[in-house]
Number of protein chains: 2
Amino acid sequence: MNETNLCPRLAKAMDLIGKRWTGLILYQLLDGPQRFNEIESALPVSGRLLSERLKELEKEGLVERRVYSEVPVRVEYSLTDKGRALEGAIRNIESWATSWL
Amino acid sequence: MNETNLCPRLAKAMDLIGKRWTGLILYQLLDGPQRFNEIESALPVSGRLLSERLKELEKEGLVERRVYSEVPVRVEYSLTDKGRALEGAIRNIESWATSWL
DNA sequence: GTAACTTATTTACTTATCGTAATTTATTTA
DNA sequence: TAAATAAATTACGATAAGTAAATAAGTTAC
């Protein structure tokens with residue numbers, strides 16, 4: 001591992017997207033706000049990692065977390081503008097997948 | 001972890017792209033064929049993982065490996081059509097990175 | 001009043017993957 | 001025969017992921 005002159009923003013973007021489950025979580029949220037269990041049921045990801053990833057994405061400002069004090073509590077996750085701005089990239093991967101896989 | 005009705009092609013695409021370093025390796029190869037050490041120098045990835053990732057990408061048909069029996073040996077990696085078809089997605093991530101990071 | 005239920009999250013523990021550095025292979029030159 | 005070079009592999013400690021059980025906070029059932 002060495003020093004490079006790689007664009008740090010691209011490196012960070014790839015580090016985000018290139019983290020396991022992140023792409024699929026964002027893809028899932030393109031359908032609109034969803035609660036924790038919905039996402040967990042839609043994807044083959046465990047609650048442990050889903051929680052961890054959502055926390056990272058929230059910290060990076062791609063995802064917003066909203067708590068509804070109902071019974072039992074409801075927590076909804078949705079994309080921010082920054083997160084939704086990745087839709088093009090994700091759709092691109094989606095169409096590549098249908099063409100080439 | 002559970003059973004889902006997630007599109008298996010998208011899942012596979014995300015699994016490929018979403019593997020550490022894969023995105024940056026493909027991005028690097030968009031500049032044209034490059035030898036092992038060039039890629040290793042351009043990215044903060046160790047030889048151990050670069051070798052592993054290139055092998056995976058070759059197996060999936062995104063990257064082609066060509067050996068030149070010179071002294072010392074030269075090995076060049078380049079994108080296949082299938083690999084180059086991801087350029088749009090990668091460029092999309094790149095422009096997102098410059099806009100939002 | 002307390003026992004059971006629900007959703008979101010966390011903890012504990014095992015297994016898999018990563019990062020670093022040294023080693024190997026094959027071939028040529030000093 | 002020792003050194004050099006490029007590509008790849010190996011060994012091993014460190015980090016991250018997978019699985020299942022536990023926790024928190026509030027509500028309803030008994």
Side-chain angles (χ1 to χ4, degrees), chain A residues 1-4 6 8 11-12 14-26 28-29 32-60 62-79, chain B residues 1-4 6 8 11-12 14-26 28-29 32-60 62-79:
Chain A
M1 215 103 126
N2 37 41
E3 292 308 314
T4 72
L6 176 64
K12 179 168 185 179
M14 286 296 188
D15 194 51
L16 269 170
I17 308 287
K19 216 162 219 166
R20 206 165 197 182
W21 304 119
T22 302
L24 287 174
I25 291 169
L26 294 174
Q28 187 62 27
L29 288 177
Q34 284 169 68
R35 53 201 305 188
F36 190 88
N37 279 335
E38 281 182 280
I39 307 174
E40 192 180 9
S41 301
L43 303 176
V45 65
S46 68
R48 182 194 165 287
L49 278 197
L50 179 56
S51 178
E52 195 171 305
R53 287 292 179 273
L54 286 169
K55 208 175 288 179
E56 292 165 6
L57 290 171
E58 191 192 2
K59 177 165 145 261
E60 293 295 331
L62 309 205
V63 160
E64 189 183 28
R65 178 178 186 271
R66 194 165 290 168
V67 180
Y68 298 88
S69 297
E70 302 174 353
V71 171
V73 67
R74 176 162 62 104
V75 180
E76 274 195 355
Y77 292 90
S78 57
L79 294 179
Chain B
M1 213 102 125
N2 37 41
E3 291 309 314
T4 72
L6 177 64
K12 180 167 185 181
M14 287 296 188
D15 193 51
L16 270 171
I17 310 286
K19 218 162 218 167
R20 205 167 198 182
W21 306 120
T22 302
L24 287 174
I25 292 169
L26 294 174
Q28 187 62 26
L29 288 176
Q34 286 170 66
R35 52 202 303 190
F36 189 89
N37 278 334
E38 281 183 279
I39 307 174
E40 192 179 9
S41 301
L43 302 176
V45 65
S46 68
R48 181 193 165 288
L49 278 196
L50 179 56
S51 177
E52 195 171 305
R53 287 293 179 273
L54 286 169
K55 207 175 288 180
E56 291 165 6
L57 289 172
E58 191 193 2
K59 177 166 145 260
E60 293 295 332
L62 309 204
V63 161
E64 188 184 27
R65 180 179 186 268
R66 193 165 292 169
V67 180
Y68 296 89
S69 297
E70 301 173 357
V71 171
V73 67
R74 178 162 61 103
V75 180
E76 275 194 356
Y77 293 90
S78 57
L79 294 179

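Note that this is a predicted model, so its numbers are computed, not measured. Within every chain, numbering begins at 1; the chains are lettered A, B, ... in the order of the sequence lines, protein sequences first and strands thereafter. Keep in mind that the numbers below use all heavy atoms, side chains included, and drop hydrogens, waters and symmetry copies.
Contact annotation: B:R35 side-chain N/O to D:dA7 OP1/OP2 distance is under 4.0 Å. Residue B:W21 places at least one side-chain N or O under 4.0 Å from the OP1 or OP2 atom of C:dG19. Using a 4.0 Å cut-off, some side-chain N or O of B:Y77 falls inside it from OP1 or OP2 of D:dA8. Close to D:dA20, at under 4.0 Å from its OP1 or OP2, lies no side-chain N or O of A:S46. Put simply, B:K55 has no side-chain N or O that comes within less than 4.0 Å of OP1 or OP2 on D:dA8.
Taking atom CD of B:E52 as the reference point, atom C1' of D:dA11 lies 14 Å away to the nearest angstrom. The separation between B:L54 atom CG and D:dT9 atom P is 11 Å, rounded to whole Å. To the nearest angstrom, P of D:dT9 lies 13 Å from CG of B:L49. Spacing between atom CG of A:N37 and atom P of C:dC5 amounts to 17 Å, rounded to whole angstrom units. Counting to the nearest Å, the P atom of D:dT15 and the CZ atom of B:R20 are 12 Å from each other. Residue A:L50 contributes atom CG, which lies 13 Å from atom C1' of C:dT7 at whole-angstrom precision. Note: CD (B:E70) to C1' (D:dA4) measures 16 Å, nearest angstrom. As rounded to whole Å, 11 Å separates atom P of D:dA6 from atom CD of B:E40.
Residue A:R65 has its side chain nearest to C:dT9 when only C:dA8, C:dC18, C:dT9 are considered. With distances taken from any side-chain atom of A:P72 to the nucleotides C:dT7, D:dA7, D:dT5, the minimum falls on C:dT7.
Taking 4.5 Å as the limit, some side-chain heavy atom of B:F36 sits within range of a side-chain heavy atom of B:L54. For the pair B:W21 and B:K19, the minimum side-chain heavy-atom distance is 4.5 Å or more. Side-chain contact check for A:L24 versus A:V45: every heavy-atom pair is 4.5 Å or farther apart.
Looking at heavy-atom distances under 4.0 Å, B:K19 makes no contact with the nucleic acid at all. Across all strands shown, A:F36 has heavy atoms under 4.0 Å from base atoms, whether or not it also approaches the sugar-phosphate.
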Starting from the C-alpha separation in whole Å, work towards a yes-or-no answer on side-chain contact (heavy atoms from CB on, under 4.5 Å) for B:R20 and B:L49. CA-CA 9 Å; B:R20 205 167 198 182; B:L49 278 196; 5.7 Å; no
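For D:dA17, the base has a donor-acceptor partner in the side chain of A:R48 [N/O atoms by modelled type, under 3.5 angstrom].
Taking 4.0 Å as the cut-off between side-chain N and carboxylate O, A:K59 and A:E56 do not count as a salt-bridged pair.
Of the nucleotides present, C:dA16 is the one that pairs with D:dT15 by Watson-Crick or G-U wobble criteria, both distances under 3.5 Å.
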